[in-house]
Amino acid sequence: MLDAKFIRENLDYVKKKIEERGTRIDLDKFLILDEERRRIIQEVEELEHKRNRGSKKVGELKRQRKDDESEWLQMELKGISEKIKEFGEKRNQVEEDFKDFLLNVPNIPNDSVPYGKDSSDNLEIRRWSRPREFDFNPIDHVEIGKKLDILDLERASKIAGARFALYKGLGARLERALINFMLDLHINEHGYTEVLPPFMANRDSFIGTGNLPKFEEELFKIEETELFLVPTAEVPVTNIHRDEILSEEELTKKYVAYTPCFRKEAGSYGKDVRGIIRQHQFNKVELVKFATPESSYDELESLTKDAAIVLELLELPHRIALLCTGDMGFSSAKTYDIEVWIPSENTYREISSCSNCEDFQARRAGIRYRPKEGGKPRFLHTLNGSGLAVGRAVVAILENYQESDVSVKIPKVLVPYMGGVERIS
RNA sequence: GGAGGGGUGGCCGAGUGGUCCAAGGCGCCGGUCUCGAAAACCGGUAGAGUCUUUCAGGCUCUCGUGGGUUCGAAUCCCACCCCCUCCGCCA
């Protein structure tokens with residue numbers, strides 16, 4: 001959520017920045033709403049002031065046993081109270097419209113974000129290693145999974161439907177090994193605190209991160225309870241500190257969490273239908289940071305590095321892209337995508353997305369900190385990034401590490417996590 | 001699921017219709033004392049919105065949330081949410 005005062009005072013700038021994202025928002029409507037809101041606040045508060053003063057007087061009169069005068073005044077005040085109620089309803093309505101409007105305005109891109117329409121305008125920042133050249137015809141992860149009997153998509157669809165996976169044997173083991181490897185790395189080497197949050201969260205939490213009210217159709221909802229399955233650990237973990245005031249000394253706070261993620265993938269019909277690239281349920285290790293405004297962009301760089309190191313250690317070729325204004329998520333002010341090489345598609349595919357949301361989520365979720373030098377609490381900056389998407393890491397390993405005999409070598413760092421297994425064959 | 005208890009400022013906790021502009025304590029900040037520190041003592045310490053904007057102040061709201069009663073609600077009434085204890089069921 002943007003600061004209403006900031007929009008009011010920087011209308012042209014905000015307009016331009018929102019347009020750069022390719023979002024159309026009628027900010028003139030906002031101005032009208034804002035003006036009406038402030039007008040009605042003034043009206044109501046003036047009446048309330050009158051009433052409060054009068055009520056105090058009634059108390060005095062009663063103590064002085066001036067019952068007639070009091071009676072008179074009470075009658076007058078009753079009228080004012082009725083008016084307050086009437087205006088109050090109007091005020092509530094306007095405040096609600098005002099808030100609804102703000103909750104649907106996306107974040108402003110940081111000035112370091114390049115302008116662009118879609119993913120083709122993203123800026124490649126760097127590449128790590130080169131795709132391997134095969135001296136045989138490589139096959140895709142679906143075939144590898146079937147031949148090695150570690151991935152059974154037919155039976156998964158019998159159980160739950162399309163876009164679900166059933167891992168078996170060393171396939172399941174590989175998924176689990178990756179989760180543990182990533183968690184240990186971020187905990188031990190990068191200083192994150194491990195958390196294991198609920199896999200469902202309530203509406204307020206989803207509003208806090210910006211997934212609601214705008215993107216409800218992408219979520220799985222548990223009807224009876226008003227809970228939603230988390231589409232990413234970003235939701236429960238960022239909300240750990242909702243409505244809290246932290247002290248500056250505790251910042252930067254760094255959390256890492258493993259959760260399964262549930263997404264309806266509405267609007268992606270016909271996209272990535274083969275394999276396990278795009279699933280309704282997948283595993284992810286997520287990094288979340290709470291930082292001061294002054295440090296958040298440095299923290300974004302280090303967070304992205306923390307995520308990319310996973311791929312370096314797995315020795316998987318990848319590149320990092322700075323997303324352009326038109327390709328960023330709703331809550332983000334700046335995002336780096338990390339993309340891993342997928343041989344069967346002859347291209348890089350997103351495996352991590354690292355964002356600085358600045359104070360956008362903090363304002364929605366009421367997450368503040370008290371500055372060291374004292375004074376008013378300030379909204380802090382929230383950051384998050386995949387570290388990494390586990391299913392896609394499995395795809396990358398199977399395809400990049402395949403041999404001509406359809407066996408798959410296990411990356412060195414994972415062998416201990418695989419109970420010493422060095423090859424799936 | 002049943003019964004009972006409870007949600008008050010950064011934290012603990014008192015407060016059953018007007019002087020609550022929320023006692024007291026802890027913590028924090030400043031001062032006195034001291035070579036310095038501790039202790040003691042003194043003083044100050046919530047947030048949001050809005051207006052005027054001498055950036056200082058005025059006003060309004062906030063005691064879990066939303067309604068209601070009343071001239072006036074932390075306090076009375078209704079609904080909901082959350083936490084705790086016990087019982088039942090269960091991994």
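Numbers restart at 1 for each chain; the letters A, B, ... are given by sequence-line order, proteins then strands.
- With salt bridges taken as basic N to acidic carboxylate O contacts below 4.0 Å, one links E299(A) and K289(A).
- With rounding to whole Å, E36(A) atom CD is found 20 Å from rG49(B) atom P.
- A ring-centre distance under 6.0 Å is not found for F215(A) and F206(A).
- Between the CD atom of E248(A) and the P atom of rC28(B) there is a distance of 17 Å, given to the nearest Å.
- Here, rA74(B) and rG1(B) have their P atoms 33 Å apart, quoted to the whole Å.
- Here E315(A) pairs with K412(A) in a salt bridge; the nearest charged N to carboxylate O distance falls below 4.0 Å.
- Distance check on atom C1': rG47(B) versus rG36(B) gives 39 Å, rounded to whole Å.
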Dot-bracket line, read 5' to 3' along RNA chain B, where crossing pairs take [ ] and | marks a partner on another strand, Watson-Crick or G-U under 3.5 Å: ((((((((.[[[..)..(.....]]]((((((.......))))))(((((((...))))))).[[[[[..)....]]]]])))))))....

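- With C1' as the reference atom, rC28(B) and rG9(B) are 14 Å apart, rounded to whole Å.
- With a 6.0 Å cutoff to the six-membered ring centre and a 45° limit on the axis angle, K409(A) does not count as a cation-pi contact of Y401(A).
- With respect to the salt-bridge test (charged N to carboxylate O, under 4.0 angstrom), the residues R378(A) and E294(A) qualify.
- Atom NZ of K168(A) has more than 12 heavy atoms from other residues, nucleotides or ligands within 6.0 Å.
- At a threshold of 4.0 angstrom between heavy atoms, the contacts of R8(A) are confined to the sugar-phosphate backbone, with no base atom among them.
- Between rC61(B) and rC29(B), the two P atoms lie 34 Å apart (nearest whole Å).
- Applying the 4.0 Å criterion to OP1 and OP2 of rG47(B), one finds that R368(A) has every side-chain N and O outside that range.
- A salt bridge does not link D359(A) to R364(A): none of the charged side-chain nitrogens sits closer than 4.0 Å to a carboxylate oxygen.
- The shortest distance between the side-chain N/O atoms of R38(A) and the OP1/OP2 oxygens of rC51(B) is below 4.0 Å.
- In this structure, I41(A) atom CD1 and rU52(B) atom C1' are separated by 16 Å, rounded to whole Å.
- Distance, E244(A) CD to rG47(B) P: 17 Å, rounded to whole Å.
- The aromatic rings of H186(A) and H190(A) sit tilted, their planes meeting at an angle between 30° and 60°.
- For E244(A), the CD atom counts as densely surrounded, since its 6.0 Å shell holds more than 12 non-hydrogen atoms of other residues, nucleotides or ligands.
- Annotation: rU8(B) and rU75(B) have their P atoms spaced 14 Å apart (nearest Å).
- Comparing rU19(B) with rG25(B), their P atoms sit 22 Å apart, to the nearest whole Å.
- Across rG6(B) and rG64(B), the matching P atoms stand 13 Å from one another, rounded to whole Å.
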What one-letter contact string describes nucleotides 59-76 of chain B from 5' to 3', where B marks a base within less than 4.0 Å of any protein heavy atom, S marks contact via sugar-phosphate atoms alone, and - marks no contact? BBS-----SSS-BS----

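- Aromatic rings of H280(A) and F262(A) (six-membered ring for Trp) have centroids beyond the 6.0 Å cut-off, not under it.
- The closest side-chain donor-acceptor pair between Y417(A) and D184(A) falls under 3.5 angstrom.
- Ion pair E345(A)/R349(A) flagged as a salt bridge, since at least one NZ, NE, NH1 or NH2 atom sits closer than 4.0 Å to an Asp/Glu carboxylate oxygen.
- One interatomic measurement links the two molecules: CD of E43(A) to P of rC51(B), which rounds to 13 Å at whole-angstrom precision.
- Distance I245(A) CD1 to rC28(B) P: 17 Å, rounded to the nearest Å.
- Comparing the same atom, P, in rA91(B) and in rC12(B) gives a spacing of 36 Å after rounding to whole Å.
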Just the table, please: protein N/O against nucleotides 81-83 of chain B N/O, every pair under 3.5 Å.
none

